[in-house]
Amino acid sequence: MRKSTKSALCAAIIIMLFALSACGGTKPESSSFQAMDTLMTLTVYGDEEIGAEIKEEILSLDRALDATDENSEIHHLNTEKSAAVSEDTADLLNRSLQLCGDLDGFFDITVYPAVTAWGFTTGEYRVPSDSELKTLADHIDYTAVKLSDNGVRIPDGVMLDLGAVAKGYAADRSIELLNNSKAQAAVLNLGGTIGLFGKKPDGSRFKVGIADPENPAGYFGYLSCDLGIVATSGGYERYFERDGKRYIHILDPATAKPADNHIASFTIVTDNGAKADAMSTALFVMGLDKATDYYRTHDGFDCVILTDDGSLYITEGIYDDFTLDSGHRYTVNRINKP
Ligand code: ADP
Ligand code: MG
């Protein structure tokens, strides 16, 4: 994950400003650190110690889940094909496999060999041949992952990648820690996956900026939110170009090729971090039409979709909570439930 540190920092600053003004002068504890290959910023009101605990929790998850780290549980599993994993990792694998099914395989945690083949793990980018892609796509299959209690088995040729859910899961774990703390309110910016916690004394809502794909240090709009998670997936932060074509790090599990469907960014608002993170990746891959159908046939989440022709699509549950930044001239469309 080679996230733009600048944009993550800027996001953190804007969110902090809103949080600050909304908490009637109570001074927040704020800290930033690198984890999961991105910048994370925690802003907590009412508890001076919990920030350090959250940081430890996230760093420990990162050590277990990073497939590129030779010492991680996922790396061990990917090389040995069978291993006992920690309770946290088993819990996340269990939830991830459920999400793969719920999201009709558009989210698939076995994309790792394909992600590696394109060079996204090393930065040594290449375009695999058609026959290589066919073999890679044949090995993307979350149903091949066998999980029983803490034991995991995967077949040869299959490798796990939890990169599309790890930050969302980290947000869930952090919010659990906040629930058991003195903290009154918190804004967690985990590299673009935003977790909101608590109640502000003045009753005002959190305001979350959504990164502008043209200039990820800025925002194209803002969402007013209470609790929950706001997760955005985009093709603008990790990609490479060959012969005038852009290849992004979000892959279509059916083809092992980067998603190429005119989506510029896909934001999900829901109550759970792992779900929000997996969904933003999966619905990005689905594209506008399939994602709209998915919204109309499933409950419990809302979306802000930006297409590369500058059209915005906002689902009805958050339509009135969205404010377009004054510098952007996108056409705004509303998606309704049937
Ligand atoms: P980011 O991690 O940059 O915020 P995402 O949450 O969308 O972005 O996750 C993208 C990462 O997840 C990729 O770098 C890759 O490791 C992995 N990935 C890519 N495509 C998929 C997919 N369709 N399903 C599951 N994981 C994916
Ligand atoms: Mg994701």
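Read the numbers this way: they start at 1 and go in the same order the structure lists the ligands and their atoms. FYI, the numbering just counts along the sequence from 1.
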| Residue-ligand contact Ser280/ligand 1, heavy atom below 4.0 Å | no
| task | Have a look at Leu251, Val285, Ile248 and point out the one with the heavy atom closest to atom 23 (N) of ligand 1. | result | Leu251
| Within-shell test, Phe107 vs ligand 1, heavy atom, strictly < 4.0 Å | yes
In residues 90-98, what donor-acceptor pairs under 3.5 Å come from side-chain atoms, sequence neighbours left out?
unit_1: Asp91; atom_1: OD2; unit_2: Tyr169; atom_2: OH; d: 2.7
unit_1: Arg95; atom_1: NH2; unit_2: Asp172; atom_2: OD2; d: 3.0
unit_1: Arg95; atom_1: NH2; unit_2: Asn272; atom_2: OD1; d: 3.2
unit_1: Ser96; atom_1: OG; unit_2: Leu92; atom_2: O; d: 2.7

| remark: A student checking ligand 1 against Pro253 at a 4.0 Å heavy-atom cut-off should list atoms 23 (N)
| request: State the atoms of ligand 1, each with its element, that fall below the 4.0 Å cut-off from a heavy-atom position in Asp277. | output: 6 (O)
| Are there any protein N/O/S atoms under 2.8 Å from the Mg ion (ligand 2), and if so, which? | Ala164 O, Asp277 O, Asp277 OD1, Thr281 OG1
| task | State the CZ-CD distance between Arg296 and Glu316, to the nearest 0.5 angstrom. | result | 9.0 Å
| request: Run the numbers for me: atoms of ligand 1, each under 4.0 Å from some heavy atom of Ser233, listed by number. | output: 5 (P), 6 (O), 7 (O)
| said: Is it the case that the side chains of Asp309 and Ser311 hold a donor-acceptor pair, with the cut-off being a distance below 3.5 Å and no angle test? | reply: yes
| message | When you measure from the side chain of Trp118 to the backbone of Ala256, do you find a donor-acceptor pair of N or O atoms at a distance under 3.5 Å? | response | yes
| Is there a heavy atom in Glu237 that sits closer than 4.0 Å to ligand 1? | no
| request: Determine, considering heavy atoms only, which of Arg238, His249, Met279, Met36 sits nearest to atom 3 (O) of ligand 1. | output: His249
| Looking only at heavy atoms, is any part of Asp108 under 4.0 Å from ligand 1, and if so is it the side chain, the backbone, or both, or is it neither? | backbone
| query | Are Phe106 and ligand 1 in contact, using a heavy-atom cut-off of under 4.0 Å? | reply | yes
| request: Can you see which heavy atom on Ile318 is nearest to which on Cys303, and at what distance? | output: CD1-O, 3.8 Å
| note | Looking only at heavy atoms, the pair that brings Ala166 and Asp277 closest together is N-OD2, 4.1 Å
| Taking the non-hydrogen atoms of Lys167, is any one of them nearer than 4.0 angstrom to ligand 1? | yes
| query | Are the side chain of Lys167 and the backbone N or O of Ala164 linked by a donor-acceptor pair below 3.5 Å? | reply | no
| query | Does a salt bridge link Asp138 with Lys134, judged by any charged N lying under 4.0 Å from a carboxylate O? | reply | yes
| task | Tell me which one of Gly168, Ala164, Ala254, Ala282 gets a heavy atom nearest to atom 12 (O) of ligand 1. | result | Ala164
| task | Using the ring-ring contact (aromatic ring centres under 6.0 Å, His included) rule, collect all pairs that involve residues 302-338, keeping only residues at least two apart or in two chains. | result | Phe220-Tyr330, His328-Tyr330
| Of all heavy-atom pairs between Gly157 and Lys81, which one has the smallest distance, and what is that distance? | N-NZ, 4.2 Å
| request: Would you mind listing which atoms of ligand 1 come within a distance below 4.0 Å of any non-hydrogen atom of Asp161? | output: 15 (C), 16 (O), 17 (C)
Between side-chain atoms of residues 100-111 and protein atoms elsewhere (two or more places apart, or another chain), which donor-acceptor pairs fall under 3.5 Å?
unit_1: Asp108; atom_1: OD1; unit_2: Thr110; atom_2: N; d: 2.8
unit_1: Asp108; atom_1: OD1; unit_2: Thr110; atom_2: OG1; d: 2.5
unit_1: Asp108; atom_1: OD1; unit_2: Tyr142; atom_2: N; d: 3.4
unit_1: Asp108; atom_1: OD2; unit_2: Tyr142; atom_2: N; d: 3.2
unit_1: Thr110; atom_1: OG1; unit_2: Asp141; atom_2: N; d: 2.8

| Is the shortest side-chain N to carboxylate O distance from Arg205 to Asp226 below 4.0 Å? | yes
